[in-house]
Amino acid sequence: LFKTLNKKEVPLGFPLLVNFDRKKFLNYLKFNKIYCPVHWVIKKRPNKKYLLADFNISKRILTIPIDQRVTNNKLLYMLRLIDNYVNKIA
């Protein structure tokens with residue numbers, strides 16, 4: 001949505017689209033003490049063709065927490081976990 005952030009702006013999360021089983025990935029992160037919300041749940045497949053992209057995204061999106069409480073070490077820890085998971089399933 002935004003190309004830049006002001007110096008005093010801190011995003012609350014980083015949206016991530018996955019091309020693998022999101023539920024297993026969320027469980028893996030949760031097991032490792034990383035709690036990622038899923039904000040955009042569309043439970044029923046829409047009958048309108050123009051809403052299919054939204055439905056498909058809703059099945060793949062999650063948010064990595066990166067708010068002001070997350071330290072550099074915690075961020076590196078999360079990145080390593082994500083990288084390990086992705087490399088393990090690749």
Side-chain angles (χ1 to χ4, degrees):
L1 293 174
F2 303 101
K3 293 182 181 186
T4 61
L5 292 173
N6 291 326
K7 287 186 178 189
K8 295 190 180 199
E9 291 179 322
V10 179
L12 298 176
F14 182 82
L16 183 65
L17 284 174
V18 297
N19 290 323
F20 43 79
D21 189 325
R22 179 179 68 184
K23 189 172 184 178
K24 286 182 183 178
F25 182 54
L26 287 168
N27 287 333
Y28 165 80
L29 293 172
K30 187 176 179 180
F31 178 80
N32 288 286
K33 309 276 190 261
I34 306 297
Y35 303 99
C36 299
V38 174
H39 298 288
W40 195 24
V41 178
I42 301 174
K43 294 183 182 199
K44 188 176 176 184
R45 186 179 178 91
N47 58 4
K48 306 280 188 203
K49 198 171 191 175
Y50 67 91
L51 294 174
L52 283 178
D54 297 347
F55 177 75
N56 291 330
I57 290 170
S58 80
K59 299 295 179 204
R60 298 176 42 220
I61 197 166
L62 62 112
T63 302
I64 304 297
I66 59 167
D67 62 33
Q68 70 277 6
R69 299 167 294 163
V70 177
T71 64
N72 286 345
N73 287 339
K74 183 70 169 190
L75 186 57
L76 289 172
Y77 172 71
M78 289 189 288
L79 290 171
R80 272 189 243 111
L81 283 174
I82 293 167
D83 189 54
N84 288 341
Y85 188 88
V86 170
N87 286 326
K88 183 173 69 171
I89 65 165

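The basis for the numbers below is simple: all heavy atoms, side chains too, and nothing from hydrogens, waters or symmetry mates. Positions are given from 1, in the same order as the sequence printed here.
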Trace of the side-chain contact (heavy atoms from CB on, under 4.5 Å) decision for L52 with R45:
CA-CA 7 Å; L52 283 178; R45 186 179 178 91; 3.7 Å; yes
Would a single hydrophobic cluster contain both [Y] and [X], if residues Ile, Leu, Val, Met, Phe, Trp and Tyr are joined by side-chain heavy-atom contacts under 4.5 Å?
X   : Y   : result
L29 : V86 : yes
L17 : V41 : no
I64 : L12 : no
V38 : Y85 : yes
W40 : L26 : no

message = Heavy-atom count check: over 12 atoms from other residues, nucleotides or ligands less than 6.0 Å from F31 CZ?
response =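 Atom CZ in F31 is not crowded, with 12 or fewer foreign heavy atoms closer than 6.0 Å.
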Q) For F20, does the CZ atom have more than 12 heavy-atom neighbours from other residues, nucleotides or ligands under 6.0 Å away? A)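 For F20, atom CZ is crowded (more than 12 foreign heavy atoms under 6.0 Å).
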Quick note, side chain to side chain donor-acceptor pair (under 3.5 Å) partners involving residues 19-32, not counting sequence neighbours, are N19-R60
How close do [X] and [Y] get, heavy atom to heavy atom, and via which atoms?
X   : Y   : result
K33 : K74 : O-NZ, 3.7 Å
L5  : P11 : CD1-CD, 3.7 Å
V70 : L75 : CG1-N, 3.9 Å
T4  : E9  : O-OE1, 4.5 Å

Let me confirm one number: the [atom1]-[atom2] distance from [X] to [Y], rounded to the nearest 0.5 Å.
X   : Y   : atom1 : atom2 : result
K49 : N47 : NZ    : CG    : 13.0 Å
I34 : I82 : CD1   : CD1   : 8.0 Å
N56 : I42 : CG    : CD1   : 9.0 Å

- Please answer whether the main-chain N or O of D83 pairs with a side-chain N or O of N87 as donor and acceptor at a distance below 3.5 Å. yes
- Query: How would you list all residue pairs meeting ring-ring contact (aromatic ring centres under 6.0 Å, His included) that involve residues 52-71, not counting sequence neighbours?
  - Reply: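 Those involving residues 52-71 do not exist here.
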(Q) Any heavy-atom pair between the side chains of M78 and P65 that's under 4.5 Å? (A) yes
_Could you walk me through whether F25 and I89 satisfy the side-chain contact (heavy atoms from CB on, under 4.5 Å) test, starting with their C-alpha distance in whole Å, then the side-chain angles of each, then the deciding distance to 0.1 Å, before giving a yes or no?_
CA-CA 10 Å; F25 182 54; I89 65 165; over 6 Å; no
